[in-house]
Amino acid sequence: MCGIVGAVAQRNVVPILLEGLQRLEYRGYDSAGLVVVHNGQLERVRSIGRVAELTEKSANTQGLIGIAHTRWATHGVPSLRNAHPHISKDLIAVVHNGIIENYEVLRTRLTTAGYEFTSDTDTEVIAHLIHSHYARGNSLLLATQASLAELIGAYAIGVVAADNPDQLICARRGSPLLLGVGIGEHFIASDVSALLPVTRKVVYLEEGDIAEVGRHSYQIFDAQGKRVERAVQISEMSNESVQLGQYRHYMQKEIHEQPQALADTLESVCNSQSLVPGIFGAEAAATFADIDSILILACGTSYHAGLVARYWLEEITAIRCTVEVASEYRYRISVPNPKTLVVVISQSGETADTQAALNYAKAHGHLHTLAICNVPESALVRLCKLRLLTRAGPEIGVASTKAFTTQLAALFLLTLVLAKQRGRLTTEQEQKHLHELRHLPSAVQKVLDLEPEIAILAEQFANKHHALFLGRGLHYPIALEGALKLKEISYIHAEAYPAGELKHGPLALVDKDMPVISVAPNDALLEKLKSNLQEVRARGGELYVFADANTHIQAAPGIHIMQMPEHAGYLSPILHTIPLQLLAYYVALQKGTDVDKPRNLAKSVTVE
Ligand code: AGP
């Protein structure tokens, strides 16, 4: 999704803006641009290529104040004329993340008032609107405030004026934005990683906030226009964690970081002798005692984590659990139950659909809310009563990997804590699970050792156009996740089915050109799965089976076996995810796609 960086300093801000944009590249974008105020004029540079191209084009640009943007197209195709910043009458420049829903009405009104539109974007109305108020003698702050009052939709914006070299204005509603605090300089960004080279001191703006930012001070006003103080926080994100190091891609690095990410997420639990609800927050014990069902809301990979959790929760805790795609739930008339624990799962904590679904649930009387999230300061964490933070570290690759497996670990902890509180977990069982959790990082490491074998296997997928993933029970969502990974980064069309469903339709697709990838844990459904695999083989389908030890599935012509370790019980979905991530990664390498920034996708989906 779009990214914003801005700076007001006593040095040339162009290198700061460009490095910030480069650090936001992972979010996904199709054009980039910046504007600085220099000698009383706006100097704008835009590019439809990568930030590297913008850097070349900006070689002779300088200024002590400026704003910059990477755009992920919503209104209007990716093109130079649609790239941000957008400028009104050479005086006002604006960068914007989000969507302005009433832009057509505003555009008609502003056109009638004499404003000329040079882009197809919704953003341009903001620039002209601010100009219209500024031209009447209002300060830049007041002009922006008045303009925002007329907007319907979501935004994070940065604004500068050609005749004001000392102040930039920024505001947010529905899209994240933060201030970076320096010495004699201040910054704005949509993501803290953009600012790490210049500061770690950040102030997260809240919904409806607007700020006037100068070199030596800044002032924040809330949605009612009242001056407010927001806490300065020290970002814990380390600069190294966003460096590529020895790896070829962030996705590869992040796949390999999973043992550490799991160890970090489970640290406090694994170092103690027993599980306590307090890991979810001070009010967790009382909240958990008051619930009779669970509703999980999430999108994409995070939704798949929720699907796995449903199997754990219903089987181990006997609490009824439903899992819904957030973008559907938010518009569905459902039956509220105040005794439901609403669990939102999100890597970024900023996904617009998940946020809206949570707000919708709260508005319908669901007050027991829990966020499982990888970003401590994110909106979802702030909106929920309880939280468990995964400690996966920054995930840069658009395809989610370590965030998923740490989400699963967190959801398994939730299952155990609820089971224990309900008397469904004996001390022996608790100790056994704790032991397995302590062992999990090294078990994952062992699966990572399959990498060279999977790299070779991937060669067989380079010319395929379709793939089918199969799983059963707890591992059906893992098949879904494997298929999602493959489509996201290799652009191969992949579908996932519960293996028992094959004969009800998808079997018609199976022939020698349809590779069928199966997750084959040594669990209670193994024999059923074996029969399903026979159905595939009998139709000439090529089978790729990730099989636990002792499954006795034999390699044969058309049956390729990838040997997994011993069955890991309830934690098996975490182990079986790893080879599917590696498979997608190596198939994408074969196809030569942009692994970390696949086409059309964005890392944080902050628009609906
Ligand atoms: C996964 O590989 C995705 N890129 C995507 O499905 C992602 O999981 C989804 O957009 C939800 O994001 P979140 O976890 O940040 O809320």
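Bear in mind the structure is a predicted one, so any value in this text is a computation, not a measurement. For ligands, and for the atoms within them, numbers begin at 1 and follow the listed sequence.
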Could you tell me whether some N/O pair between V398 and ligand 1 is separated by less than 3.5 angstrom?
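V398 vs ligand 1: N/O contact under 3.5 Å present.
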Ligand 1 to S346 polar contact by distance, N or O atoms, under 3.5 Å
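Yes, there is a polar N/O contact under 3.5 Å.
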Show me the donor-acceptor pairs, under 3.5 Å and distance only, between side chains in residues 458-469 and residues at least two apart or in other chains.
{"from": "Q460", "atom 1": "OE1", "to": "Y544", "atom 2": "OH", "distance (Å)": "2.8"}
{"from": "H466", "atom 1": "ND1", "to": "H493", "atom 2": "ND1", "distance (Å)": "2.9"}

Just to verify, what does R387 make a salt bridge (Lys or Arg N to Asp or Glu O under 4.0 Å) with, not counting sequence neighbours?
none
Please state whether K603 comes within less than 4.0 angstrom of ligand 1, counting heavy atoms only.
no
Under a plain distance cut-off of 3.5 Å, with no hydrogens placed, do [Y] and [X] share a side-chain donor-acceptor pair?
X	Y	result
S400	E395	yes
N82	T121	no
T70	E25	no

Taking only heavy atoms of [X] into account, list the atoms of ligand 1 that are under 4.0 Å away from them.
X	result
K485	1 (C), 2 (O)
A399	2 (O)
S400	1 (C), 2 (O)
S302	8 (O), 13 (P), 14 (O)

Residue part near ligand 1, for E350, under 4.0 Å between non-hydrogen atoms
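No part of E350 is near ligand 1 at this cut-off.
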Report the nearest protein non-hydrogen atom to [atom]: residue, atom name, distance rounded to 0.1 Å.
atom	result
atom 9 (C) of ligand 1	C299 O, 3.7 Å
atom 10 (O) of ligand 1	V605 CG2, 3.9 Å
atom 15 (O) of ligand 1	S348 OG, 2.7 Å
atom 4 (N) of ligand 1	E488 OE2, 2.8 Å
atom 12 (O) of ligand 1	T351 OG1, 3.5 Å
atom 1 (C) of ligand 1	T301 OG1, 3.0 Å

Salt-bridged, K402 to D264, with N to O below 4.0 Å?
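Judged by the 4.0 Å cut-off on N to carboxylate O distance, K402 and D264 do not form a salt bridge.
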Please determine whether a side-chain nitrogen of the Lys or Arg among E324 and R332 lies less than 4.0 Å from a carboxylate oxygen of the Asp or Glu.
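Looking at E324 and R332, the cut-off is met.
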K253 side-chain N/O to L244 backbone N/O, donor-acceptor pair under 3.5 Å
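No, the answer is negative, given that no donor and acceptor are paired below the 3.5 Å cut-off.
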How are the rings of H96 and H84 set to each other: parallel, tilted or perpendicular (split at 30° and 60°)?
parallel
